[in-house]
Amino acid sequence: MKILLLSMPDSFEHMPTLAVRMPNGGLSSIAGNVDPHHQVAIADLVLVQKKVREVLTRLIREFDPDLVGLSVMTFQRRTAGRIIDLLRAWKPDLPIVAGGYDPSLATDAYQEMPLDFIVRGEGDLTFRELLRALEQGVGFDRICGLSYRDGTQWQHNPDRAVRGLEDNEIRLPNRAARVLQGYTLLGRPVDVVETSRGCTYDCSFCSIIEMRGRNFHTYSFQRVLDDIRDARDRGARTIFLVDDNIMLNVRRFEGLCRAIIDAGLNQIDYFVQAMTSPIASQGERLAPLMWQAGFRYVFLGIENILENDLVFLRAAAKNTARDNGQRAGNASYRAIDCLHRNGMYVVGGLIVGNPDDTRESIEANLDFARDHVDWPYIQHPTPYPRTPMTKDFQEQGLITNQNLEEYDGTTAVVRTQHMEAEEVEFLRWKAERWMKVRHMPAAFRHDPWFVLSHAPQMMAHTFRGSTLRSMLGWEDERTTFQRYKAIRQQEREYV
């Protein structure tokens with residue numbers, strides 16, 4: 001069979017395609033785990049945001065797939081629906097499958113679309129079994145993790161049990177299946193690699209626990225190194241480790257750093273997501289090793305610097321510093337200082353606009369980001385399907401926006417008990433633009449050619465909505481903000 005796998009073109013505000021164009025690692029894994037006689041093509045539509053319809057038309061005409069699969073996140077649901085309608089118009093009998101976070105956690109919404117199958121949870125093995133059933137002409141009722149249309153009704157098979165990773169049943173990704181090119185991070189060819197799956201924390205904003213339960217499974221170092229080599233040999237010079245929580249086992253992470261060094265794979269730049277607490281408590285030993293292994297950017301899940309907000313986010317445990325087993329305040333300060341002293345840049349992940357937030361509490365977090373992080377990744381709490389946060393906001397009646405295409409993390413869709421959603425978003429937007437400008441010298445030191453070549457475009461993107469009048473202070477900032485929001489709304493129209 002010929003299989004076409006699509007990721008949606010919708011991108012996050014904090015990941016403008018000028019600077020960041022990441023591949024969808026899930027689709028590469030799906031492609032690597034189907035039986036090898038299938039012909040698979042992966043099209044990451046984030047690479048062609050301004051010509052989605054044109055590229056899809058060409059792929060359908062030239063590749064002529066026997067089945068199409070779509071990977072969808074919540075803020076991409078509307079775009080996915082439009083693409084499904086296009087596919088149906090072009091090829092009415094084409095089997096179409098949807099998978100990813102949103103179809104897994106909001107399955108009911110996808111039953112209303114003209115789909116044939118929904119893959120729930122991790123799809124590496126479910127999709128493989130689906131293709132085998134289609135080839136053999138047998139029923140689908142024994143495929144765990146699959147929902148399928150049976151006449152006018154939908155059948156939902158039991159969930160698939162979470163699979164361990166130690167037995168090599170999950171094969172390496174198939175990057176050769178990608179039919180579009182241009183994955184870059186600050187001008188450098190980039191790819192994604194996972195070394196583990198799962199998390200044992202239950203942060204209220206996160207979908208991981210609903211997707212796979214509370215667990216943590218790891219690949220062998222040999223498998224990880226083979227994956228890195230494959231990405232490198234295909235041109236990657238930066239690798240983003242996409243693990244749900246790689247810091248759950250700090251000794252394993254240390255071992256991974258040493259394995260990367262011993263394998264001579266430390267000439268690549270690595271980008272990793274990390275918890276603050278392990279870095280704060282063990283960073284004196286860990287951070288120099290990370291630098292030696294090639295880690296340059298660290299996304300720190302700071303979440304919030306105020307204790308009450310951390311309690312709401314259920315993120316206090318992973319963000320608390322400890323001295324001799326005793327709580328010693330927020331771990332973010334120590335973690336950031338340790339990373340900075342060892343030459344790494346900090347991408348600061350914070351969440352503002354929680355139920356009890358006031359202007360003062362939001363400003364406190366913005367001041368912290370301004371003073372301590374290199375690149376802000378400040379988001380608003382977003383009620384994604386089936387997360388604990390969603391239930392909390394529903395019970396308090398704080399959700400003010402049901403337009404899912406705006407559930408991108410940087411559009412405030414919930415109000416606080418003290419502030420309207422738009423005011424929360426305005427505060428973040430006003431402060432964050434200048435934080436990004438201040439990172440330009442550091443970005444220049446790390447990627448001078450990219451910054452020299454793209455500085456005007458980067459500034460134009462950061463200050464979308466601004467005019468000469470607004471830059472000179474002759475126009476109210478809220479007018480500029482409204483113009484920015486109108487531009488952002490236009491940017492969400494991909495199909």
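- Residue S28 holds its OG atom at 9.5 Å from CG of D227, rounded to the nearest 0.5 Å.
- By the 4.0 Å N-to-carboxylate-O rule, R120 lies close enough to D159 to be salt-bridged with it.
- Of the N and O atoms on the side chains of R433 and T480, not one donor lies less than 3.5 Å from an acceptor on the other residue.
- F299 and Y377 have perpendicular rings, their planes meeting at more than 60° on a 0 to 90° scale where under 30° would count as parallel.
- Electrostatic pairing of D408 and R492 counts as a salt bridge here, judged by a charged N lying under 4.0 Å from a carboxylate O.
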Next item on the list: Evaluate the side chain to side chain contact (heavy atoms under 4.5 Å, CB included) criterion for residues L146 and I118: first the C-alpha distance (whole Å), next the side-chain angles of each, then the deciding distance (0.1 Å), finally the verdict.
Entry: CA-CA 6 Å; L146 182 72; I118 300 169; over 6 Å; no
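- Annotation: cation-pi pair R188/F450 absent, no NZ/CZ under 6.0 Å from the ring centroid and within 45° of its normal.
- Ion pairing between a basic and an acidic side chain is recognised when a charged N comes within 4.0 Å of a carboxylate O; E169 and R128 show such pairing.
- Under the 4.0 Å criterion applied to side-chain N and carboxylate O atoms, D230 and R234 are assigned as salt-bridge partners.
- The distance from atom CZ of R77 to atom CG of D102, rounded to the nearest 0.5 Å, is 4.0 Å.
- Donor-acceptor pairing under 3.5 Å is lacking for the side chains of H14 and Q379.
- Using a 3.5 Å distance cut-off with no hydrogens or angles, the side chains of R428 and T410 do not pair a donor with an acceptor.
- Remark: R223 does not engage E194 in a salt bridge, criterion side-chain N to carboxylate O under 4.0 Å.
- With S196 as the fixed residue, the side chain to side chain donor-acceptor pair (under 3.5 Å) test singles out one of D244, T218, D243: D243.
- Y384 has its ring centre no less than 6.0 Å from the ring centre of F75.
- Stacking of R175 on the aromatic ring of Y183 is not recorded, the 6.0 Å distance cut-off and the 45° axial limit not both being met.
- In this structure, the separation between CG on L87 and CG on L4 is 8.0 Å, given to the nearest 0.5 Å.
- When each of Y148, F140, W154 is checked for a ring-ring contact (aromatic ring centres under 6.0 Å, His included) with F117, only F140 meets the rule.
- Atoms CE and CG, on M247 and N245 in that order, are 8.5 Å from each other to the nearest 0.5 Å.
- For the atom pair E122 CD and R160 CZ, the distance stands at 10.5 Å (nearest 0.5 Å).
- A salt bridge does not link E422 to R478: none of the charged side-chain nitrogens sits closer than 4.0 Å to a carboxylate oxygen.
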Notebook entry, point to check: Would F216 and Y201 count as a ring pair (Phe, Tyr, Trp, His ring centres under 6.0 Å) if you check the C-alpha gap in whole Å, the side-chain angles of each, and the deciding distance to 0.1 Å?
Noted result: CA-CA 10 Å; F216 181 65; Y201 288 90; over 10 Å; no
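- R464 has a carboxylate O that lies under 4.0 Å from a charged side-chain N of E13, or vice versa, which qualifies the two as a salt bridge.
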Notebook entry, point to check: Is there a salt bridge (charged side-chain N to carboxylate O under 4.0 Å, His left out) between E406 and R78 once you walk through the steps?
Noted result: CA-CA 10 Å; E406 297 183 12; R78 185 183 65 166; over 6 Å; no
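- Inspection of the R21 and T184 side chains reveals an N or O donor paired with an N or O acceptor under 3.5 Å.
- Within the model, atoms CZ of R197 and NE2 of H217 stand 10.5 Å from one another, a figure rounded to the nearest 0.5 Å.
- Partner of Y494 under the side chain to side chain contact (heavy atoms under 4.5 Å, CB included) criterion, out of Q49, K50, K51, Q76: Q49 alone.
- Under a cut-off of 6.0 angstrom, the local environment of CD in Q489 is sparse, with at most 12 non-hydrogen atoms contributed by other residues, nucleotides or ligands.
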